[in-house]
Protein chains: 2
Amino acid sequence: MNKEEKLQKLVDISREKGLKLTPQRMAIFRILSESDKHLTADEVYQKARKDYPMLSAATVYRNMEQMVSSGLLSNLGRSGAAMKYDTNLEEHHHFICSHCGKVYDVYLSKVTYELDMEKSRLGDAKIDVSELYLYGVCEDCLNNYG
Amino acid sequence: MNKEEKLQKLVDISREKGLKLTPQRMAIFRILSESDKHLTADEVYQKARKDYPMLSAATVYRNMEQMVSSGLLSNLGRSGAAMKYDTNLEEHHHFICSHCGKVYDVYLSKVTYELDMEKSRLGDAKIDVSELYLYGVCEDCLNNYG
DNA sequence: TATCTTATTGCAATTCAATATCAAGTAAAA
DNA sequence: TTTTACTTGATATTGAATTGCAATAAGATA
Ligand SMILES: [Zn+2]
Ligand SMILES: [Zn+2]
Ligand SMILES: [Zn+2]
Ligand SMILES: [Zn+2]
């Protein structure tokens, strides 16, 4: 899905939900769809401010959360760090470098596991989704710090 | 590992690392080792305050983080929620109820997956650990809210 | 185009978890 | 008992995110 298609989706969903397409909202989404990284609300805010000096941080936070609810963004949160957002809606998982903290998208297939029902006291819980996080040291850090 | 063994480990590791066994530290650890739930620093603080009215919250935060570094506690953080701690050091994963937010320990074996090296731009990254989170609706919520 | 409705914005104040600072206190070794 | 390094409590501060509200403006309607 390229930038134009993503932007069209923003337009469609906004119409569908009776949301208004403000310049602020479009700037925020454009920044995210033009980046291939996972950005925090503050990073988006800092970038958007260059074009919109009077933009409020609250607007950025509000919009990005709303875009997640609308299915326009996926998000990835870890405690201690700010929530990260991106427009990559493909099913994917994440690799997190323990050294530099950078997050990499990884594409995993055939994720399987066996659940020990005896030890796990889940009863009849309904399991919907599983998220797998890989931790390690990224290539950059391996090269630079051994 | 029962309570006594856990407490002995606290004593051993403290000696080993030149840490002092203060009453506050022992109270904090005792509360955690007597609970079978994942507690937040504030929950531990509230419980400990009943016996130690002049205990400071900072002491609880400090100690619990220190216990993680010392290998006495495991912790589980999700953005937006306070860090949760417990004395369960067995290798385990977590099930999180999307409805009530409660966290359940689950024991998984044979966790496997296939990594798409083409799409995942990890290069020669060294992968150490994988953490699997299961999401769904817990038994309690299923019973109470359909 | 002018008007209306209501989503949205900007701002400031606020929440909440967590951390930093530092003087005073104390566990444990010598 | 003395010494010393680790800890504590109180308070201030940080950082991320949220909230309340009056003012604004997008998009529908006439
Ligand atoms: Zn790295
Ligand atoms: Zn991602
Ligand atoms: Zn539940
Ligand atoms: Zn656990």
Side-chain angles (χ1 to χ4, degrees), chain A residues 7 10-29 31 38-70 72-73 75-85 101 103, chain B residues 7 10-29 31 38-70 72-73 75-85 101 103:
Chain A
L7 219 79
L10 171 66
V11 174
D12 292 346
I13 287 192
S14 298
R15 181 148 314 150
E16 204 174 286
K17 303 209 169 190
L19 306 175
K20 293 172 181 172
L21 264 180
T22 64
Q24 292 91 331
R25 177 133 47 217
M26 295 190 52
I28 291 165
F29 189 79
I31 287 169
H38 298 76
L39 301 176
T40 66
D42 189 64
E43 284 165 345
V44 172
Y45 174 53
Q46 298 306 336
K47 284 178 198 284
R49 240 141 78 93
K50 287 173 185 158
D51 291 328
Y52 270 87
M54 27 128 49
L55 177 68
S56 166
T59 299
V60 179
Y61 280 97
R62 263 188 305 235
N63 272 288
M64 285 170 62
E65 263 315 303
Q66 194 190 50
M67 290 176 195
V68 172
S69 321
S70 308
L72 286 162
L73 298 181
N75 63 349
L76 155 68
R78 289 184 305 138
S79 88
M83 182 73 76
K84 287 165 178 282
Y85 299 82
V103 176
Chain B
L7 219 78
L10 170 66
V11 175
D12 292 346
I13 287 192
S14 299
R15 181 149 313 153
E16 201 173 290
K17 304 213 167 189
L19 306 175
K20 294 175 180 170
L21 265 179
T22 64
Q24 293 92 329
R25 185 163 294 163
M26 296 191 51
I28 290 165
F29 189 80
I31 287 168
H38 298 76
L39 301 177
T40 66
D42 188 65
E43 285 166 344
V44 172
Y45 174 52
Q46 298 306 336
K47 284 177 198 286
R49 241 142 77 92
K50 289 173 185 156
D51 291 328
Y52 271 87
M54 27 132 45
L55 177 67
S56 166
T59 299
V60 179
Y61 280 97
R62 259 188 311 236
N63 272 289
M64 286 170 62
E65 261 318 301
Q66 195 189 50
M67 289 177 194
V68 172
S69 321
S70 309
L72 286 162
L73 298 181
N75 64 349
L76 156 67
R78 290 182 304 138
S79 91
M83 183 72 77
K84 287 166 178 281
Y85 299 81
V103 176

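Protein chains get the first letters and strands the later ones, always in sequence-line order, with residue 1 at the start of each.
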Next item on the list: Please examine the side chains of A:Leu76 and A:Met83, heavy atoms only from C-beta on, and report whether any two atoms are closer than 4.5 Å.
Entry: no
Item checked: Heavy-atom contact window of chain B on DNA chain C, given 5' to 3' at under 4.0 Å -> C:dA17 to C:dA28
Notebook entry, point to check: Are B:Tyr85 and B:Leu39 side-chain neighbours, meaning at least one heavy-atom pair lies under 4.5 Å?
Noted result: no
Notebook entry, point to check: To the nearest 0.5 Å, what is the distance between OG (A:Ser69) and NZ (A:Lys17)?
Noted result: 7.5 Å
Item checked: Separation of D:dT8 P from B:Leu21 CG (nearest whole Å) -> 10 Å
Checklist line | Straight-line distance of A:Leu72 CG to A:Ser14 OG, nearest 0.5 Å | finding: 7.0 Å
Note to self: Taking A:Thr40's backbone N and O only, do any of them form a donor-acceptor pair with A:Glu43's side chain (distance below 3.5 Å, no angle check)?
What the structure shows: yes
Item checked: Sorted by number, the residues of residues 46-61 of chain A with heavy-atom contact under 4.0 Å to DNA chain C -> A:Met54, A:Leu55, A:Ser56, A:Ala58, A:Thr59
Check: Do the side chains of A:Asp42 and A:Val60 get nearer than 4.5 Å, heavy atoms only?
Finding: no
Next item on the list: Please report, rounded to the nearest Å, how far the P atom of D:dA16 is from the CE atom of A:Met64.
Entry: 13 Å
Margin query: Would you say that B:Ser70 contacts B:Leu19 through its side chain, given a criterion of any heavy-atom pair below 4.5 Å between the two side chains?
Written below: yes
Check: Starting at the 5' end of DNA chain C, which residue's closest nucleotide do you reach first, A:Gln24 or B:Arg15?
Finding: A:Gln24
Next item on the list: Report yes if some heavy atom in the side chain of B:Leu73 is under 4.5 Å from a heavy atom in the side chain of B:Glu65; otherwise report no.
Entry: no
Notebook entry, point to check: Distance from A:Gln24 atom CD to A:Arg62 atom CZ, nearest 0.5 Å?
Noted result: 10.0 Å
Note to self: When you compare the side chains of A:Arg25 and A:Thr22, does any donor N or O come within less than 3.5 Å of an acceptor on the partner?
What the structure shows: no
Next item on the list: For B:Arg62 and D:dT13, give me the distance from atom CZ to atom P, rounded to whole Å.
Entry: 17 Å
Next item on the list: Using a heavy-atom cut-off of under 4.0 Å over every strand shown, decide if B:Asn63 touches base, sugar-phosphate, or nothing.
Entry: sugar-phosphate
Check nucleotides 3-6 of chain D for protein N or O atoms closer than 3.5 Å to its own N or O atoms and list the pairs.
| residue | atom | partner | partner atom | Å |
| --- | --- | --- | --- | --- |
| D:dA5 | N3 | B:Lys20 | NZ | 2.7 |
| D:dC6 | O4' | B:Lys20 | NZ | 3.3 |
| D:dC6 | O2 | B:Lys20 | NZ | 3.4 |

Check: Above 12 or not: heavy atoms from other molecules or residues under 6.0 Å from NZ of B:Lys84?
Finding: yes
